[in-house]
Amino acid sequence: MTDRPLLLLVDDDVTLLRATSAILEVEGFDTILSDTATRAIEFLQHLPVAAVIVDIFMPDQDGMETIGQIHGRWPNLPIIAMSGGWRTISPETILDTAQALGAQGALSKPFDRQTLLAAVRGVLAAP
């Protein structure tokens, strides 16, 4: 058993998942990757996840719905929403809405290493 926090990364962009995972793994976190919201919920039922990073726009289930579902079932689990925006909606507006649904943090794509780490460490340190 490891004492490294386990983070669940949820995004339909597998390349982004792998890149984000690589950064986090080097920085002392373990990660599990899910390219669907459905699989993410299954992982949460069986794994001791310390925080979830979830994309807002995914094909199988809207990220807002996923955030609401996670927050409803695991209210103390930190959630970081991430979005690159969509057409005319700004990423900030989308992320503000995600926070209203239960996300404690937000990332606007593209994000850099420092921004990612600050968001993760911030939600894990929050009371």
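Worth knowing before you read on, the calculation uses all heavy atoms, side chains too, and leaves out hydrogens, waters and symmetry mates.
The shortest non-hydrogen separation linking Ile67 to Ala103 is CG2-N, 3.9 Å. When every heavy atom of Phe111 is checked against every heavy atom of Leu16, the shortest pair comes out as CZ-CD1, 4.5 Å. The two atoms that bring Ala40 and Val10 nearest to each other are CB-CG2, 3.5 Å, heavy atoms only. Looking at every heavy atom in both residues, Ile56 comes nearest to Ala81 through CD1-CB, 3.9 Å. When all heavy atoms are compared, the tightest approach of Pro5 to Gly28 is CD-O, 3.7 Å. Across all non-hydrogen atoms, the minimal contact from Leu124 to Ala50 is CD2-O, 3.6 Å.
Rounding to the nearest 0.5 Å places OG1 of Thr66 at 6.5 Å from CD1 of Ile41. Taken to the nearest 0.5 Å, the CG atom of Leu107 stands 6.0 Å off from the CG atom of Leu116. Here the NE2 atom belonging to His71 is positioned 7.0 Å from the CD1 atom belonging to Ile79, to the nearest 0.5 angstrom. For the atom pair NE2 (His46) and CD1 (Ile32), the distance works out to 11.0 Å, reported to the nearest 0.5 Å. Annotation: the span from Thr36 atom OG1 to Asp11 atom CG amounts to 11.5 Å, rounded to 0.5 Å. In this structure, the separation between CZ on Phe43 and CG on Leu33 is 8.0 Å, given to the nearest 0.5 Å.
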Problem set entry | Check against side chain to side chain contact (heavy atoms under 4.5 Å, CB included), Leu44 and Trp74 | CA-CA 9 Å; Leu44 287 172; Trp74 298 278; 3.7 Å; yes
Problem set entry | Pair Asp13-Phe57, side chain to side chain contact (heavy atoms under 4.5 Å, CB included): steps then yes or no | CA-CA 10 Å; Asp13 181 343; Phe57 296 108; over 6 Å; no
Exercise. Between Leu24 and Leu9, is a side chain to side chain contact (heavy atoms under 4.5 Å, CB included) present by the stated rule, with each step listed?
Worked result: CA-CA 10 Å; Leu24 293 167; Leu9 312 179; 3.9 Å; yes
For this session: Apply the test side chain to side chain contact (heavy atoms under 4.5 Å, CB included) to residues Leu8 and Ile53: give CA-CA distance (whole Å), side-chain angles for both, the deciding distance (0.1 Å), then the verdict.
Result: CA-CA 6 Å; Leu8 174 57; Ile53 302 174; over 6 Å; no
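For the salt bridge (Lys or Arg N to Asp or Glu O under 4.0 Å) condition, no pair includes a residue of residues 61-70, sequence neighbours left out. The list of salt bridge (Lys or Arg N to Asp or Glu O under 4.0 Å) pairs with a residue in residues 33-56, not counting sequence neighbours, reads Asp35-Arg39, Asp55-Lys109. A salt bridge (Lys or Arg N to Asp or Glu O under 4.0 Å) check over residues 73-82, counting only residues at least two apart or in different chains, returns nothing.
Arg18 is linked by a salt bridge (charged side-chain N to carboxylate O under 4.0 Å, His left out) to nothing, counting only residues two or more places apart in sequence or in another chain. With sequence neighbours excluded, the residues that form a side-chain contact (heavy atoms from CB on, under 4.5 Å) with Asp112 are Gln114, Thr115. Listed by chain and number, the residues in a side-chain contact (heavy atoms from CB on, under 4.5 Å) with Arg113 are Ile23, Val26, Glu27, Leu117 (sequence neighbours excluded). A search for side chain to side chain donor-acceptor pair (under 3.5 Å) contacts involving Ser34 returns nothing, not counting sequence neighbours. For the side chain to side chain donor-acceptor pair (under 3.5 Å) test, residues two or more places apart in sequence or in another chain that qualify with Asp60 are Thr38. Residues forming a side chain to side chain donor-acceptor pair (under 3.5 Å) with Gln69 (at least two apart in sequence, or on another chain): Gln61.
Between Phe29 and Leu6 the shortest side-chain heavy-atom distance does not fall below 4.5 Å. Between Asp30 and Glu25, some side-chain heavy-atom pair lies under the 4.5 Å cut-off. You'll find the side chain of Leu7 stays beyond 4.5 Å of the side chain of Val52, heavy atoms only.
In terms of modelled atom types and a separation under 3.5 Å, the side chain of Gln104 and the main chain of Val123 share no donor-acceptor contact.
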